[in-house]
Number of protein chains: 2
Amino acid sequence: MNGQFETLSFAPGYRRVAAAIAERILDRRLKHGDPLPPETELATQFGVNRSTIREALRELESADLVARRRGTKRMVVARPAASRVAGRLRHAFALHDVTVREVWAMLEVLEPPAAEAAALARTPATLARITAAVAAYQADHAAAPAAAAGVGEFFRAVAAAGGNRILPLMHEPLLQLLAVALGVMIDAAPPARARIGVAQARIHEAIERGDAELARSWMAKHVRDFRRGFEIGGIDLDTPVPID
Amino acid sequence: MNGQFETLSFAPGYRRVAAAIAERILDRRLKHGDPLPPETELATQFGVNRSTIREALRELESADLVARRRGTKRMVVARPAASRVAGRLRHAFALHDVTVREVWAMLEVLEPPAAEAAALARTPATLARITAAVAAYQADHAAAPAAAAGVGEFFRAVAAAGGNRILPLMHEPLLQLLAVALGVMIDAAPPARARIGVAQARIHEAIERGDAELARSWMAKHVRDFRRGFEIGGIDLDTPVPID
DNA sequence: AATGGCCTTATTGTCGGACAATCATACTAT
DNA sequence: ATAGTATGATTGTCCGACAATAAGGCCATT
C-alpha cells in the first residue's frame with residue numbers, strides 16, 4: 001500500500017449476477033438438484049433485465065454449476081461431472097501445446113499408485129468393472145479405435161477402484177488426450193496390442209488378490225511400455241498431442 | 001443400432017454458435033491472441049440476433065476460450081490459464097465433498113515425482129524460485145495464513161521446476177483446497193511449522209545438487225508428515241475439505 | 001386405476017430496436 | 001512530442017414482442 005492506488009474493479013452486470021448465484025451454490029444455500037427460479041423472477045430479484053440474467057446463466061451453464069435435464073425447461077443446480085471438467089482440462093492442455101511426453105509422464109506418475117490403491121480398496125463392484133474392461137479389450141481384437149477405447153476404460157476402471165474421487169477427475173483428460181495417439185500406436189505396432197493384454201491381465205490378477213506391490217509394479221511396467229510403443233509407432237514424443 | 005432410434009438432438013442457437021466458434025479455436029484456425037469480430041458482425045455472419053451471439057460469447061468466456069484484456073472492448077482468443085482452470089476444478093471437488101484425506105493422498109502421489117523431476121530438470125530460474133520460497137517461509141514466522149501460503153508457493157515452485165506443464169495445472173486446485181486446512185494445522189501444531197521448514201531446506205538442497213532420489217524421498221516424508229500435523233491439529237481427515 | 005387426449009399457463013429461445021457509456025482513432029493545438 | 005478534442009465503433013443494458021414448448025390440470029376412454 002505504499003502510495004499506489006489499487007486498480008478499482010468494474011464488473012459487468014452479467015458477471016456480478018453469475019458470481020452471486022455461484023456463491024449461493026458453492027456455500028450450499030442452493031443445493032444440488034434444486035430448481036433455479038425462472039428467468040423473469042431472477043430478473044426482478046436482481047433488478048436487471050432478463051437478457052442480463054440469461055447471459056449470466058450461460059456463464060454458469062458453461063461452468064456446469066447449473067444444467068438443464070434433457071427435454072425440460074427449468075434449470076437445476078448441478079455439480080460438475082467428471083467428463084465435463086475433463087473436457088475443459090483437455091482443451092486447456094491442447095491449447096498449451098502439451099506434448100505426448102508430458103501426458104505420458106503424468107500417466108507414469110498417476111497410474112502405479114492408482115493400481116496400488118485399487119488393490120487395497122477393491123470391492124466386488126469395482127473389481128467387476130476391471131474384469132469387464134479386460135475381457136472387452138481381449139474380445140475386441142478387431143478395430144484399433146475400439147482397442148484404444150478399451151485401454152482407456154481399463155485405466156478408468158482401475159482408477160475408480162481406488163476409491164479416491166479426485167484421481168478419476170485428474171486422469172480423465174490425460175486419457176482423452178492420449179486416445180488418438182493410442183489408436184495410431186496400436187495400429188502401427190501389432191505386438192503392442194498383445195503386450196497390453198498381458199499387462200492388463202497381470203494387473204487385474206494382482207488387484208484381485210489384493211497384492212498392492214505387484215499391482216503397482218506391473219502398472220509401472222505397463223505404462224513404461226507405452227513409450228516404446230509410441231516410438232515404434234513413429235509418434236514423436238515431443239510434438240503436441242494430436243487432437244481429434 | 002438394434003431397432004432403437006438415437007435420441008435426436010436439438011441444440012439452442014447460442015450453444016451451436018458457441019460450439020462453432022470453439023471448434024475454430026481448438027483447430028487453430030483462430031489463434032491465441034487473435035481479435036474476435038465484433039458482436040454485430042458475428043450476428044450477421046451466423047444469421048442470428050446479437051443477443052444470441054452474446055449468450056454464446058458468455059459461454060466461451062466462462063470456458064476461457066475467449067477473454068477481454070482489461071479496459072478494452074474487443075474480445076480476443078485466449079487459452080485457459082492455470083489459475084482459471086484450477087478454480088473450476090476446485091469448485092468441482094468442493095461440490096463433490098472431497099475429503100482432506102483424498103486431497104492429501106493425491107499430494108502424496110504427485111509431489112514426490114515432482115521433486116524428482118525438479119532435481120533432474122532444474123534451471124537457474126526455477127531454482128531461484130524455490131530458493132525464494134524457502135527463504136520467504138522461514139522469514140515469515142509470524143502469521144499462520146502467510147505460512148500456509150508459503151507452503152503452497154514452495155510446492156508450486158517445485159512443480160514448476162519439473163518442466164512438465166501438466167503438473168502445475170493438476171496440483172494447483174489441491175493446494176487451493178488445502179490452504180484452509182494448512183492454516184489451521186500450522187496454528188494448532190507449532191512443531192509442525194519447524195518441521196516443514198527443515199523438510200523444505202532438505203528438499204531444496206537435494207534439488208540444487210540434482211540428487212533426484214534424495215529429493216523424492218524427502219518430499220515423500222514431507223507430505224507424509226502433513227498427515228500427522230492434521231491429526232495433531234484436530235482436523236478430521238474424513239470430513240469434506242473446508243472451503244474459504 | 002391407468003392411459004391417452006386436450007386445454008391453459010408458464011417459461012424459454014429468439015428476435016428487433018434502442019440508447020448511454022466508453023474504447024479506438026484521427027485530428028488539432030500547444 | 002504531448003495533451004486536448006471530435007468522431008465513429010463497440011459493448012453493456014434495457015424494453016417489448018412472439019413462437020415454440022414443457023408443466024400441469026381436466027376429462028373421456030379403456
Side-chain angles (χ1 to χ4, degrees), chain A residues 5-25 30 33-78 84, chain B residues 5-25 30-78 84:
Chain A
F5 291 105
E6 58 185 288
T7 63
L8 51 90
S9 63
F10 312 90
Y14 63 82
R15 192 180 297 281
R16 290 208 303 270
V17 169
I21 298 179
E23 194 188 328
R24 284 276 206 306
I25 295 176
L30 284 171
D34 284 358
L36 227 54
E39 297 172 352
T40 49
E41 196 182 318
L42 286 174
T44 59
Q45 276 190 31
F46 280 101
V48 301
N49 192 273
R50 190 163 77 99
S51 307
T52 305
I53 293 292
R54 282 180 63 82
E55 293 189 32
L57 286 181
R58 292 300 87 76
E59 203 160 313
L60 294 170
E61 201 179 10
S62 165
D64 272 339
L65 291 180
V66 305
R68 196 193 335 277
R69 281 186 296 260
R70 243 201 68 84
T72 190
K73 268 193 195 301
R74 295 287 289 275
M75 287 270 203
V76 298
V77 174
R84 304 293 297 271
Chain B
F5 292 103
E6 58 185 286
T7 64
L8 51 88
S9 63
F10 310 92
Y14 63 82
R15 191 180 298 280
R16 290 207 304 270
V17 169
I21 299 179
E23 194 187 328
R24 284 276 207 306
I25 295 177
L30 284 172
K31 289 193 304 291
H32 170 242
D34 284 357
L36 227 54
E39 296 172 353
T40 49
E41 195 182 319
L42 286 174
T44 61
Q45 276 190 31
F46 280 102
V48 300
N49 192 275
R50 191 163 77 99
S51 307
T52 305
I53 293 291
R54 282 181 63 82
E55 293 189 33
L57 287 180
R58 293 299 86 76
E59 205 161 311
L60 295 170
E61 200 179 11
S62 164
D64 272 342
L65 291 179
V66 306
R68 197 191 335 278
R69 282 186 293 259
R70 244 200 67 85
T72 187
K73 271 195 194 304
R74 294 288 288 276
M75 287 272 204
V76 298
V77 174
R84 305 291 299 270

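Below, each value reflects all heavy atoms present in this structure, side chains not excepted, and no hydrogens, waters or symmetry copies. Chain identifiers are assigned alphabetically (A, B, ...) following the order of the sequence lines, protein sequences preceding nucleic acid strands; residue numbering begins at 1 within each chain.
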Item to complete: Please check the phosphate of D:dT13 (OP1 and OP2 only) for any side-chain N or O of A:Tyr14 closer than 4.0 Å.
Response: no
Practice prompt. Taking only the side-chain nitrogens and oxygens of B:Arg54, find out if one of them lies under 4.0 Å from OP1 or OP2 of D:dG12.
Written response: yes
Worksheet, complete the sentence: Of A:Arg74 and A:Gly13, the one whose closest nucleotide on DNA chain D sits nearer the 5' end is A:Gly13
Fill in: Closest non-hydrogen atom pair, A:Pro38 against A:Arg74
CD-NH2, 4.1 Å
Discussion item. Quick check: closest heavy atoms across A:Ser62 and B:Ala63, and the distance to 0.1 Å?
Written reply: OG-N, 3.8 Å
Worksheet item: Should the pair A:Glu55-A:Arg58 be classified as a salt bridge under the 4.0 Å nitrogen-to-oxygen rule?
Response: no
Item to complete: In sequence, state the C-alpha distance, the side-chain angles, and the governing distance for B:Leu57 and B:Val17, and then conclude on side-chain contact (heavy atoms from CB on, under 4.5 Å).
Response: CA-CA 9 Å; B:Leu57 287 180; B:Val17 169; over 6 Å; no
Rounded off to whole Å, could you give me the [atom1]-to-[atom2] distance for the [X] and [N] pair?
X	N	atom1	atom2	answer
A:Leu36	C:dT11	CG	P	12 Å
B:Glu39	C:dT22	CD	C1'	14 Å
A:Leu57	C:dT12	CG	C1'	11 Å
A:Met75	C:dT11	CE	C1'	12 Å
A:Ile53	C:dT11	CD1	P	14 Å
B:Phe46	C:dC15	CZ	P	13 Å

Item to complete: Using side-chain contact (heavy atoms from CB on, under 4.5 Å) as the criterion, point out the one residue from A:Val77, A:Ile53, A:Leu60, A:Leu65 that pairs with A:Ile21.
Response: A:Leu60
Item to complete: For the pair A:Glu39 and A:Arg54, evaluate side-chain contact (heavy atoms from CB on, under 4.5 Å) and give the outcome as yes or no after the intermediate values.
Response: CA-CA 7 Å; A:Glu39 297 172 352; A:Arg54 282 180 63 82; 2.9 Å; yes
Worksheet item: Quick one: on DNA chain C, does B:Thr72 or B:Glu55 contact a more 5' nucleotide (nearest heavy atom)?
Response: B:Glu55
Discussion item. Closest approach to the side chain of B:Thr52, judged atom by atom: which nucleotide of C:dC15, D:dC14, D:dA23 is it?
Written reply: C:dC15
Each nucleotide N or O in nucleotides 16-21 of chain D that has a protein N or O under 3.5 Å away: list the pair and distance.
unit_1 : atom_1 : unit_2  : atom_2 : d
D:dA17 : N6     : A:Arg50 : NH2    : 3.4

Worksheet item: Stepwise, does the side-chain contact (heavy atoms from CB on, under 4.5 Å) test hold for B:Tyr14 with A:Glu61?
Response: CA-CA 12 Å; B:Tyr14 63 82; A:Glu61 201 179 10; 3.6 Å; yes
Item to complete: Give B:Arg68 one of three labels, base, sugar-phosphate or nothing, depending on what nucleic acid heavy atoms sit under 4.0 Å from its own.
Response: sugar-phosphate
